[in-house]
Amino acid sequence: MKQEHVEKLFQWIDETSTTVSHDMNLTYLEAVAETLDVLFNDRPFEDMNKELSTKLTNELTKINKNDFEKEEVRKAVQLAILKGMKGATQQQHLITPDSVAMFMGYLASKLFEGKEQLKLFDLASGSGNLLTSVMNQLEMPLTAYASEVDPTLIQLAVANANLQKNNIEFFHQDSLRPFLMEPVDFVLADLPVGYYPDDVQAARYELKSDEGHSYAHHLFIEQGLNYVKEGGYLMFIVPNFLFDSDQSKSLNAFLREHAHIVGMLQLSDSLFKNEKHGKSILILQKKGPETKKPKQALLVKLPSFKNPDAMSDILAQMNQWFSDYKATQ
């Protein structure tokens, strides 16, 4: 992967999106989605006005999407989305930090090492950055699914996946409603944190609150277990306070019944402006007739990703842990 390729593609997306935003009276993020679709299709859309079509046709002569590797495309798109999100007012317009997405790809490659093929599902895919980052690091044939309720984010995710040539089936829906799909090997998500407003839908879940709204992040964990095979794995980005909240007692009891806690990796405080917003990576395995609880869960506080020596030491310890874990499964 070449950084100059990332910068070249980002600059093209940025300048073209700014033009589209102005001409079509769209937000920058909406314009990025339109721009990515135009690049993927190699031509403007028929419903665009003549002046804009001419501008876009000229811009397309300056770029060739086939010149870029998957990760170059992902990173360039991520930069454009991050720029758009700086001006976004909606709280759900967030993106998984690149270092965390890459690290989860590493963890997934360790969990599924030697597996011939894999079905995976991102329950809250947003713009698709986490899912495509993980997919780009897995070497076996993949069948991927993703769900997102926000229309702008799912349009960005589809365009992002198309340009990276990642085959993903998207569901545009509330991720806590039922899906028409078979269980998968691996569920992942950067969990939305907060209360879920639909009390009627929440009532379907064991982890519903006895009073008031239920925690969305608890319901997402239960939903993930609904759509993963027995023995399959789940990996979630969760708030550090997950097991210390007022509803954590029921979550603990639920997980003891349905899953093994494989690992809990606390992300470096340097990733977050405020310690109370700190997050961790939670790894679960759905219980089945042949599953075994790990002798010792992988419990780690990760150093800064900018500290290569400390990170190297932690990775060596983790590689040994995975080797021991796999030997007992």
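Throughout, numbering of the chain's residues begins at 1 and tracks the sequence.
The ring of F186 has its center no closer than 6.0 angstrom to the ring center of F121. Ring centroids of F220 and F236 are separated by 6.0 Å or more, keeping the two rings apart. Note: F112 and Y233 meet the aromatic proximity criterion, with ring centroids under 6.0 Å apart.
Residues L176 and Y196 have side chains in contact (heavy-atom distance under 4.5 Å, counting atoms from C-beta outward). Using a 4.5 Å cut-off on side-chain heavy atoms (C-beta onward), P303 and I314 make contact. Using a 4.5 Å heavy-atom threshold, the side chains of K119 and L142 count as separate. When side chains are defined from C-beta on, M48 counts as touching L56, because their heavy atoms get closer than 4.5 Å. Looking only at side-chain heavy atoms (C-beta outward), T35 and W12 come within less than 4.5 Å of each other. The side-chain heavy atoms of L120 and D185, taken from C-beta on, include no pair separated by under 4.5 Å.
Relative ring orientation between F179 and F171 is described as perpendicular, the plane-to-plane angle rising above 60° on a 0-90° scale split at 30° and 60°.
When atom types are taken as modelled, the side chain of E222 and the backbone of E206 share a donor-acceptor pair closer than 3.5 angstrom.
With salt bridges taken as basic N to acidic carboxylate O contacts below 4.0 Å, one links K55 and E51. A salt bridge links K65 with D42: the closest approach of a Lys/Arg side-chain nitrogen to an acidic carboxylate oxygen falls below 4.0 angstrom. A salt bridge does not link K295 to D324: none of the charged nitrogens lies less than 4.0 Å from a carboxylate oxygen. Between D244 and K249 no salt bridge is recorded (no basic side-chain N to carboxylate O distance below 4.0 Å).
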Do R74 and N160 pass the side chain to side chain donor-acceptor pair (under 3.5 Å) test, and can you show the C-alpha distance, the side-chain angles, and the key distance before you say yes or no? CA-CA 7 Å; R74 186 184 67 80; N160 196 1; over 6 Å; no
Test side chain to side chain donor-acceptor pair (under 3.5 Å) on D190 and N129 and set out the steps.
-> CA-CA 10 Å; D190 187 344; N129 187 61; over 6 Å; no
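T291 pairs in a side-chain hydrogen bond (donor to acceptor under 3.5 Å, both in side chains) with only one of the listed residues (H260, E230, K286), which is H260.
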